[in-house]
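Chain identifiers are assigned alphabetically (A, B, ...) following the order of the sequence lines, protein sequences preceding nucleic acid strands; residue numbering begins at 1 within each chain.
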Amino acid sequence: MSDRITPRTLKGFRDYPPAMMIPREWIIETARRVYRLYGFSPIDTPALEHLEILIGKGSDETDKQLYRFEDHGGRPVGMRFDLTVPLARFVAQNIQDLGTPFKRYHIANVWRGENTQRGRYREFMQCDFDTIGTTSLSADIEMVLVINDLLTALDVGGFTIHVNHRGLLNGLLEKLGLADQATAVLRSLDKLAKIGAEGVSKELRSAASATDSQIEQLLKLSSLEGSNDEMLAEAEKLVIGSPVGERGVAQLRELIGSVTTTLSSEAMGRIRFAPSICRGLDYYTGIVVETTLDDLPEIGSVASGGRYDNLANLFTSQELPGVGASLGLDRLLAALEELGRLEQVHTPAEVFLPFFDSDRRNEYLSLAARLRAAGMGVEFFPDAKKLGKQLQYANRRGFRVALILGNDEFTSGECQVKNLATGESQTVARGDDDANLIAAVRCILQS
RNA sequence: GUGGCUGUAGUUCAGCUGGUUAGAACGCCGGAUUGUGAUUCCGGAGGUCGUGGGUUCGAAUCCCAUCAGCCACCCCA
């Protein structure tokens with residue numbers, strides 16, 4: 001047996017044991033619930049697409065990271081590297097049946113063959129939601145509200161939603177005569193928080209061959225401080241005379257105004273105009289957002305998105321503008337773990353039923369069935385091992401309650417209800433339908 | 001893709017400039033306690049030192065390659 005195959009996973013790909021999968025599923029379920037509350041419908045698309053659908057849609061960088069190969073029929077194919085390009089293909093192909101506006105969410109794995117790092121893998125999950133087929137700012141506003149509701153539901157603690165507008169940036173670039181260097185300039189500006197004003201100006205000089213006065217103007221916009229209103233007023237001055245720039249400022253003002261009046265007073269401080277963020281992706285054309293956790297800003301954006309008015313043009317002549325965002329599941333998970341905001345639970349059920357008296361299996365099974373019918377998760381231990389061992393197992397898995405019944409209890413019609421967190425145990429008379437017992441368990445679970 | 005660091009029991013690590021049967025803590029399993037889990041005591045299992053070559057009388061230790069992880073760049077979730 002020396003030729004056994006070594007069990008291993010590919011670089012950047014990983015297994016998800018229960019301790020990881022339980023919080024993961026909780027986030028996914030929360031995202032699903034919040035998206036649905038806004039009327040977004042689920043879709044899925046194939047992991048594999050014709051190569052021509054995927055290449056040239058993101059940037060040179062995404063083309064390099066694309067997993068590509070020939071299928072068994074010799075067709076050039078690729079694995080999706082995000083959910084937005086498949087969405088563009090999907091709506092271009094099906095919009096006549098879907099109608100507009102089309103609101104969808106899509107929670108699925110994507111693949112990128114890039115170098116790995118903590119929180120960065122080659123297979124990872126995105127939780128996207130987008131509204132297709134309307135240019136109304138309502139959809140942009142709703143995107144921000146969804147992010148707010150989602151992160152609130154996920155109990156991540158304080159967070160800040162940073163918003164900016166590509167039109168504002170493009171307007172300034174036009175005025176400065178740097179429009180053809182847009183990508184390089186925006187990428188440099190995006191790093192302001194990371195490398196500082198000096199680093200950015202150095203990079204602007206070398207990468208975008210910007211002059212000192214151009215750099216000064218760009219940094220002036222990026223470094224604005226004050227209230228949202230004050231910053232917007234200053235930004236407006238910088239782009240005055242540029243229609244796209246002025247429109248960007250107007251939209252930002254409207255969006256921030258709408259969001260702050262909709263949110264509760266404690267939540268409205270969460271939205272901030274942030275003139276330096278712009279998102280690396282080329283296809284954004286309007287509002288862009290990034291969201292950081294106040295207690296862990298250095299981990300980067302956990303929910304990002306924006307408006308893209310041209311994406312489906314690659315596949316159809318029909319005009320299909322869109323706006324949407326994506327929750328960074330794995331990054332958020334890493335952050336919550338680091339912040340100690342994840343409950344360490346290893347079992348999806350909360351009630352543990354030891355197999356104590358080996359002659360009474362069927363009686364245990366019917367008790368478990370009755371509790372499950374009452375909506376409680378119950379795990380019945382498969383082996384009639386020593387009670388101490390069974391309780392140890394229950395304790396490690398994070399069960400809340402153990403129900404202990406041996407020969408004594410069965411004959412007296414009672415049950416010991418043990419609170420595993422405190423160690424306290426009470427004896428409850430079961431009665432005919434176990435209603436007493438169910439109430440006692442429920443009491444502990446709700447405390 | 002580029003550069004740097006790391007890789008020894010399940011886990012965290014020790015192992016001096018190469019030298020006999022590679023250690024510890026915690027964890028795990030069994031028992032003390034045949035009806036009660038985070039304590040205590042006793043006992044036990046578990047490692048071809050990531051993998052493959054090379055140098056050497058001799059390699060966990062040195063060299064090369066490879067795989068994997070971490071960090072920075074790049075990019076992004």
Side-chain angles (χ1 to χ4, degrees), chain A residues 2 4-14 17 27 31 58-66 80-84 107-128 183-184 186-188 190-191 194-195 199 203 207 277-282 284 289-292 298-305 325-335 352 354-358 381 384-410 415-427:
Chain A
S2 59
R4 280 252 169 77
I5 298 159
T6 309
R8 57 192 186 138
T9 49
L10 281 168
K11 181 186 175 77
F13 290 73
R14 47 204 184 125
I27 293 179
S59 60
D60 294 349
E61 205 58 42
T62 49
D63 283 1
K64 266 191 256 167
Q65 298 175 352
L66 189 66
R80 63 180 174 216
F81 56 87
D82 70 8
L83 299 177
T84 307
I107 299 175
N109 277 336
V110 302
W111 295 270
R112 292 183 197 173
E114 65 178 332
N115 238 339
T116 56
Q117 235 172 84
R118 184 169 67 98
R120 292 177 67 165
Y121 307 95
R122 290 183 171 175
E123 177 182 66
F124 60 96
M125 186 164 275
Q126 293 195 319
C127 308
D128 279 30
T183 306
L186 295 182
R187 281 195 183 146
S188 302
D190 209 30
K191 294 181 199 164
K194 203 170 182 180
I195 62 178
E203 200 170 306
I277 70 147
C278 48
R279 315 248 55 233
L281 294 173
D282 299 341
Y284 289 113
V289 302
E290 289 192 358
T291 314
T292 54
E298 65 272 18
I299 202 158
S301 175
V302 295
S304 327
S326 181
L327 177 73
L329 179 80
D330 292 284
R331 183 175 286 184
L332 181 63
L333 211 50
F352 181 72
F355 193 176
F356 195 5
D357 185 335
S358 58
F381 200 76
K385 285 210 247 183
K386 284 176 63 172
L387 188 58
K389 294 291 166 199
Q390 298 192 51
L391 289 173
Q392 193 175 57
Y393 167 89
N395 182 47
R396 287 190 184 139
R397 302 285 160 133
F399 283 92
R400 310 268 310 277
V401 175
L403 299 180
I404 297 166
L405 303 91
N407 192 48
D408 299 350
E409 284 79 4
F410 279 113
C415 176
Q416 280 187 49
V417 179
K418 194 178 180 77
N419 182 334
L420 287 167
T422 63
E424 289 163 13
S425 183
Q426 53 176 313
T427 302

| message | Does A:E290 contact B:rA77 through a side-chain donor or acceptor facing the base, at a distance under 3.5 Å? | response | no
| request: Identify whether any heavy atom of A:N407 sits under 4.0 Å from a base atom; if not, whether one sits that close to sugar-phosphate; answer base, sugar-phosphate or nothing. | output: base
| remark: Rounded to whole Å, CD of A:E409 lies from C1' of B:rG35 at a distance of 8 Å
| For A:Q117, all residues meeting side chain to side chain contact (heavy atoms under 4.5 Å, CB included), sequence neighbours excluded | A:R120
| query | Whole Å only: how far is the CD1 atom of A:I277 from the P atom of B:rA77? | reply | 12 Å
| Which value, in whole Å, describes the distance between the P atoms of nucleotides B:rU51 and B:rA68? | 15 Å
| A:Y393 vs A:F352 aromatic rings, parallel, tilted or perpendicular, using cut-offs 30° and 60°? | tilted
| message | Of the options B:rC75, B:rC76, B:rG37, whose atoms approach the side-chain atoms of A:K191 most closely? | response | B:rC75
| Per A:I404 side chain, nearest of listed nucleotides B:rG35, B:rC75, B:rG31 | B:rG35
| said: For the CD atom of A:E123 and the CG atom of A:D330, what is their distance to the nearest 0.5 Å? | reply: 9.5 Å
| field | Rounded distance in Å between the C1' positions of B:rG19 and B:rC75 | value | 50 Å
| request: Find the distance A:E123:CD to B:rA68:P and express it as a whole number of Å. | output: 15 Å
| Reported CD-to-SG distance for the pair A:Q426 and A:C415, which is rounded to 0.5 angstrom | 9.5 Å
| task | Figure out the CZ/P separation between A:R331 and B:rC76, and round it to whole Å. | result | 11 Å
| said: Quick check: on RNA chain B, is the nucleotide nearest A:L405 upstream (toward 5') of the one nearest A:T9, or the reverse? Name the residue that is more 5'. | reply: A:L405
| message | Using whole Å, what does the distance between atom P of nucleotide B:rC29 and atom NZ of A:K385 come to? | response | 7 Å
| request: Quick one: label A:E424 by what it contacts on the DNA or RNA (base, sugar-phosphate, nothing), any heavy atom closer than 4.0 Å. | output: nothing
| field | Distance below 4.0 Å between A:K389 side-chain N/O and B:rG30 OP1 or OP2 | value | yes
| task | Would you kindly check whether a donor in the side chain of A:R112 faces an acceptor in the base of B:rC76, or vice versa, at under 3.5 angstrom? | result | no
| said: By the 4.0 Å heavy-atom rule, please label A:S301 as base, sugar-phosphate, or nothing. | reply: sugar-phosphate
| task | Nearest 0.5 Å please: distance from the OG1 atom of A:T116 over to the CG atom of A:L10. | result | 11.5 Å
| said: Considering every strand and a 4.0 Å limit on heavy-atom distances, what is the contact class for A:G300: base, sugar-phosphate, or nothing? | reply: nothing
| query | Just wondering, do A:F124 and B:rA77 stack (centres under 5.5 Å, planes under 30°)? | reply | yes
| field | Contact summary for A:I277 and A:D190, nearest pair of heavy atoms | value | CA-OD1, 3.5 Å
| field | B:rG35 base / A:Q390 side chain donor-acceptor hit below 3.5 Å | value | no
| remark: In this structure, OG1 of A:T422 is separated from CZ of A:R400 (nearest 0.5 Å) by 10.5 Å
| In whole Å, what separates the C1' atom of B:rC28 from that of B:rG46? | 9 Å
Polar atoms only, N or O, under 3.5 Å: list the protein pairs with nucleotides 38-45 of chain B and their distances.
residue, atom, partner, partner atom, Å
B:rA38, N6, A:A421, O, 3.4

| Taking the side chain of A:E203 as its heavy atoms from C-beta onward, which of B:rC74, B:rG35, B:rA77 lies nearest to it? | B:rC74
| query | What distance do A:L83 atom CG and A:I107 atom CD1 have between them, rounded to the nearest 0.5 Å? | reply | 9.5 Å
| field | Atom-to-atom span, CG of A:D190 to P of B:rC76 - whole angstrom | value | 8 Å
| task | Ignoring the backbone of A:K418, work out which of B:rG35, B:rA77, B:rG37 is nearest its side chain. | result | B:rG37
| query | A:Q390 and A:F356: which non-hydrogen atoms are nearest, and at how many Å? | reply | NE2-N, 4.5 Å
| Nearest-angstrom distance, P atom, B:rC70 to B:rA22 | 32 Å
Protein-nucleotides 69-72 of chain B N/O pairs closer than 3.5 Å?
residue, atom, partner, partner atom, Å
B:rG69, OP1, A:G12, N, 3.2
B:rC71, OP1, A:R118, NE, 3.2
B:rC71, OP2, A:R118, N, 2.6
B:rA72, OP2, A:Q117, OE1, 3.0

| request: Select one nucleotide: of B:rC75, B:rA77, B:rG31, the one nearest the side-chain heavy atoms of A:Q126. | output: B:rA77
| request: Rounded to whole angstrom, note down the C1' distance from B:rU21 over to B:rG10. | output: 24 Å
| query | What is the distance from atom CZ of A:F124 to atom CG of A:L333, rounded to the nearest 0.5 Å? | reply | 14.5 Å
| message | In whole Å, I'd like the distance from the CG atom of A:L329 to the P atom of B:rA77. | response | 14 Å
| said: What is the distance, to the nearest angstrom, from the CZ atom on A:R80 to the P atom on B:rA77? | reply: 16 Å
| Looking at A:Y121, does the NZ or CZ of A:R14 lie under 6.0 angstrom from its six-membered ring centre and within 45 degrees of the ring axis? | yes
| request: Provide the distance between the two P atoms, one in B:rC26 and one in B:rU39, to the nearest whole Å. | output: 11 Å
| said: Using the side-chain hydrogen bond (donor to acceptor under 3.5 Å, both in side chains) criterion, which residues pair with A:Q126? Sequence neighbours excluded. | reply: none
| said: Please give the distance between the C1' atoms of B:rU61 and B:rA45 as a whole number of Å. | reply: 28 Å
| remark: Tightest non-hydrogen contact, residues A:F381 and A:F355, listed as O-CB, 3.3 Å
| What residues, two or more places apart in sequence or in another chain, satisfy side chain to side chain contact (heavy atoms under 4.5 Å, CB included) together with A:N395? | none
| Taking atom C1' in both B:rC49 and B:rG18, what distance in whole Å separates the two? | 14 Å
| In what stems does RNA chain B take part, counting only runs of at least 3 consecutive Watson-Crick or G-U pairs whose two distances fall under 3.5 Å? | B:1-7 with B:67-73, B:10-13 with B:23-26, B:28-32 with B:40-44, B:50-54 with B:62-66
